[in-house]
Chemist: 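Got a structure for you, written out below as structure tokens; questions coming shortly.
Computed from a predicted structure; not experimentally measured. Each chain gets a letter, A, B and so on, in the order the sequences are listed, and its residues count up from 1.
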There are 2 protein chains.
Amino acid sequence: MMMQNCVSEAFLERVPIYLNHLEVYQDEFISATTLANQLNLGEVLVRKDLAKISYGGKPKIGYIVSDLIIDIKSFMGYDQKSNAIIVGMGQLGKSLYQYPGFLKYNIEITQAFDISSYYKNPEFIKSYCENVKVDVGIITVPKEAAQNICDLFVDAGIKAIWNFSPVRLSVPDEIIVQNINLAESLSILIKHLNDKENQI
Amino acid sequence: MMMQNCVSEAFLERVPIYLNHLEVYQDEFISATTLANQLNLGEVLVRKDLAKISYGGKPKIGYIVSDLIIDIKSFMGYDQKSNAIIVGMGQLGKSLYQYPGFLKYNIEITQAFDISSYYKNPEFIKSYCENVKVDVGIITVPKEAAQNICDLFVDAGIKAIWNFSPVRLSVPDEIIVQNINLAESLSILIKHLNDKENQI
DNA sequence: TAGATTGTTAATCGATTAACAATC
DNA sequence: TAGATTGTTAATCGATTAACAATC
């Protein structure tokens with residue numbers, strides 16, 4: 001019923017899970033209760049989440065699945081094309097550049113640069129961004145170059161950075177940075193595992 | 001002072017940040033206050049975090065940096081070798097297999113399998129795990145094969161799964177699964193960006 | 001109407017922050 | 001001793017859950 005407001009990180013991570021489930025759901029209607037049970041989530045939680053996303057379900061019936069899918073896509077912005085560019089064409093950079101999974105979310109990595117572009121033409125990012133709307137800059141360069149590329153992104157007017165280098169970037173307040181550190185993430189999984197084994 | 005207990009996810013994600021900072025810190029001692037300020041975190045938060053990890057600092061002095069580094073590594077288990085295997089040798093699988101960043105956390109991907117191994121020898125994972133202690137199984141196969149590979153991991157006695165496929169795996173209760181969905185993660189970053197732009 | 005479901009208001013829980021006492 | 005820092009106890013805040021009222 002009410003749109004926006006109260007968009008916590010945890011909530012935003014649940015929304016794509018709802019979408020995935022709905023897209024393979026074989027029925028015209030679904031209740032928040034059903035969705036909650038099938039995903040092992042609290043039913044009030046799901047109901048409140050859906051209330052933030054959609055204009056509401058009908059008592060006794062629930063939500064119309066196809067409408068809910070549209071509402072989720074609209075809420076998350078998946079109905080709008082987003083563009084990203086990536087700098088750093090090592091293995092990880094290449095794999096992201098070729099990754100087909102972004103298509104589902106209407107995201108395209110429109111251009112990839114190798115770090116060597118920087119030496120040839122330090123303005124390469126800025127000139128590209130003058131012609132193409134770039135929403136996100138992706139950093140997959142070695143850590144020594146990360147801050148440097150970050151600065152070029154900011155200078156080119158990019159407002160969101162997806163950073164795969166293990167460096168805490170310094171950026172102006174208005175720039176959003178999301179750090180992805182795969183090794184750290186795996187190490188935390190192993191920590192959980194070790195704790196569990198030593199528990200009993 | 002007290003070890004273990006209260007190990008929330010948010011806390012575990014801060015620990016590697018502390019470690020990174022300490023490893024480049026150029027002094028013998030550091031206070032929780034200093035660490036907090038330099039990382040833009042609350043000082044009581046950092047103090048409580050460190051109390052969970054280390055045997056304590058000294059009033060007026062703070063923590064001995066080299067000791068704190070050792071305590072963090074020990075707490076997180078970075079002083080113990082961990083092994084992983086990976087199934088799925090697409091671009092993403094290859095890039096993880098060759099990723100040098102795991103070394104820092106004493107994690108090694110000791111073996112990589114392509115999905116075709118499965119057809120040649122469905123027991124390939126199980127036989128490998130009989131000879132080598134495997135802590136984590138990594139799934140980078142296409143979504144159609146993900147549950148299948150997951151089942152093989154569980155059957156081989158692997159207790160932790162790092163899943164890059166966009167599938168919610170079903171596993172026995174005692175198995176830990178961590179899902180990494182890169183496209184989803186990027187889409188959430190873009191959602192934040194769009195919200196921010198539409199805010200004012 | 002009765003019942004399943006919705007949406008809302010109040011209670012709980014856990015993480016963070018603030019205020020304080022202890023120590024070298 | 002005075003002061004900087006530690007560790008702890010109480011308060012706040014936000015997310016989740018429980019209890020309830022509204023609706024078709």
Side-chain angles (χ1 to χ4, degrees), chain A residues 1-18 21-22 25 27-68 71-72 75 188 191-192 195, chain B residues 1-18 21-22 25 27-68 71-72 75 188 191-192 195:
Chain A
M1 200 52 81
M2 62 159 187
M3 296 288 260
Q4 297 288 88
N5 220 357
C6 299
V7 279
S8 74
E9 197 62 29
F11 161 63
L12 286 179
E13 285 172 13
R14 285 192 296 270
V15 179
I17 296 172
Y18 299 143
H21 193 78
L22 294 170
Y25 192 74
D27 205 342
E28 198 179 344
F29 303 102
I30 192 168
S31 71
T33 316
T34 307
L35 185 56
N37 290 338
Q38 293 180 350
L39 294 173
N40 278 313
L41 297 169
E43 59 174 276
V44 184
L45 183 69
V46 173
R47 217 174 286 136
K48 285 195 172 178
D49 284 352
L50 296 187
K52 289 176 196 154
I53 293 166
S54 164
Y55 284 104
K58 285 174 191 165
K60 189 145 176 169
I61 292 170
Y63 288 80
I64 300 168
V65 172
S66 57
D67 285 2
L68 190 50
D71 287 344
I72 290 178
F75 177 82
I188 292 171
K191 165 71 174 155
H192 282 300
D195 283 355
Chain B
M1 200 53 81
M2 65 159 185
M3 297 287 261
Q4 297 290 88
N5 221 357
C6 298
V7 280
S8 75
E9 196 62 29
F11 161 63
L12 287 179
E13 284 172 14
R14 284 191 297 270
V15 179
I17 296 172
Y18 298 142
H21 194 77
L22 294 171
Y25 192 73
D27 205 341
E28 199 181 343
F29 302 101
I30 192 167
S31 72
T33 316
T34 307
L35 186 56
N37 290 337
Q38 294 181 349
L39 294 173
N40 278 314
L41 296 170
E43 59 173 277
V44 184
L45 184 69
V46 173
R47 215 174 288 137
K48 285 194 173 180
D49 283 352
L50 296 187
K52 287 176 197 157
I53 292 166
S54 165
Y55 285 104
K58 284 176 190 164
K60 188 145 179 173
I61 295 170
Y63 288 81
I64 300 167
V65 173
S66 57
D67 284 2
L68 190 50
D71 287 344
I72 290 178
F75 177 81
I188 291 171
K191 165 70 175 158
H192 283 301
D195 283 355

Chemist: I need the CD1-P distance between Ile61(A) and dG7(C), as an integer number of Å.
Modeler: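 Nearest whole value for this atom pair: 12 Å.
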Chemist: For the base of dT17(D), is there a side-chain donor-acceptor partner from Lys48(A) under 3.5 Å away?
Modeler: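 Answer is yes: a donor-acceptor pair is held.
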Chemist: Heavy-atom nearest nucleotide on DNA chain D for Lys60(B) versus Ala32(B): which residue maps closer to 5'?
Modeler: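 By nearest-heavy-atom nucleotide position, the 5'-most residue is Lys60(B).
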Chemist: Tell me: OH of Tyr55(B) to P of dG7(D), nearest whole Å?
Modeler: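 From Tyr55(B) OH to dG7(D) P: 13 Å.
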Chemist: From dA4(D), dT5(C), dA18(D), pick the nucleotide closest to the side chain of Ser31(A)?
Modeler: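 From the listed options, dT5(C) comes nearest.
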Chemist: So, is Arg47(B) close to the dG7(D) phosphate, meaning a side-chain N or O under 4.0 Å from OP1 or OP2?
Modeler: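 It does not, given that no N or O in the side chain of Arg47(B) lies less than 4.0 Å from OP1 or OP2 of dG7(D).
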Chemist: Please report the distance, rounded to the nearest Å, between CG in Leu12(B) and P in dG14(C).
Modeler: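 Atom CG in Leu12(B) sits about 16 Å away from atom P in dG14(C).
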Chemist: Starting the side chain at C-beta, find the nucleotide from dT5(C), dT17(D), dC24(C) nearest to Pro59(A).
Modeler: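 Side chain of Pro59(A) sits closest to dT5(C).
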Chemist: I'd like to know whether CD of Glu28(A) has more than 12 heavy-atom contacts from other residues, nucleotides or ligands below 6.0 angstrom.
Modeler: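 12 or below, so no.
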Chemist: Report yes or no: does Lys191(A) contribute a side-chain atom to a donor-acceptor pair with the main-chain N or O of Phe75(B) at less than 3.5 Å?
Modeler: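 Present.
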Chemist: What is the distance from CG of Leu45(A) to P of dT5(C), rounded to the nearest Å?
Modeler: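 Checked: the CG to P distance equals 18 Å.
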Chemist: Is it the case that Lys60(A) places NZ or CZ above or below the six-membered ring of Phe29(A), under 6.0 angstrom from the centre and within 45 degrees of the axis?
Modeler: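 No - Lys60(A) does not lie over the ring of Phe29(A) by the 6.0 Å and 45° rule.
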Chemist: Starting at the 5' end of DNA chain D, which residue's closest nucleotide do you reach first, Leu41(A) or Lys58(A)?
Modeler: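 Going by which nucleotide is closer to the 5' end, it is Leu41(A).
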Chemist: Measure CG/Leu50(B) against C1'/dT8(D) and give the value in whole Å, please.
Modeler: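 Spelled out: CG on Leu50(B) to C1' on dT8(D) is 15 Å.
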Chemist: According to a strict under-4.0 Å criterion, is Tyr63(B) in side-chain N/O contact with OP1 or OP2 of dG7(D)?
Modeler: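 Answer is yes, contact under 4.0 Å.
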Chemist: dA15(D), OP1 or OP2 - any side-chain N/O from Arg14(A) closer than 4.0 Å?
Modeler: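 It does not, given that no N or O in the side chain of Arg14(A) lies less than 4.0 Å from OP1 or OP2 of dA15(D).
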Chemist: Quick one: is Thr34(A) getting a side-chain N or O under 4.0 Å of the dT5(C) phosphate, OP1 or OP2?
Modeler: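 Result: no.
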Chemist: Can you tell me how far P of dT5(D) sits from CD of Glu43(B), to the nearest Å?
Modeler: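 About 9 Å, once rounded to whole Å.
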Chemist: Can you tell if the side chain of Tyr63(A) reaches within under 4.5 Å of the side chain of Thr34(A), non-hydrogen atoms only?
Modeler: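 Side-chain contact under 4.5 Å: no.
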Chemist: So what's dT23(D) paired with, Watson-Crick or G-U wobble, going by both distances under 3.5 Å?
Modeler: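 Check on dT23(D): paired to dA4(C), both distances under 3.5 Å.
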Chemist: Give the rounded distance in Å between these two atoms: NZ of Lys52(B) and P of dG14(C).
Modeler: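 Taking NZ of Lys52(B) and P of dG14(C), I get 13 Å after rounding.
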Chemist: What is the distance from CG of Asp49(A) to P of dT17(D), rounded to the nearest Å?
Modeler: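 Rounded to whole Å, this separation is 10 Å.
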Chemist: With Lys48(A), which of Val44(A), Val46(A), Leu50(A) fulfils side-chain contact (heavy atoms from CB on, under 4.5 Å)?
Modeler: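 Testing each of Val44(A), Val46(A), Leu50(A) against Lys48(A), the sole residue satisfying side-chain contact (heavy atoms from CB on, under 4.5 Å) is Val44(A).
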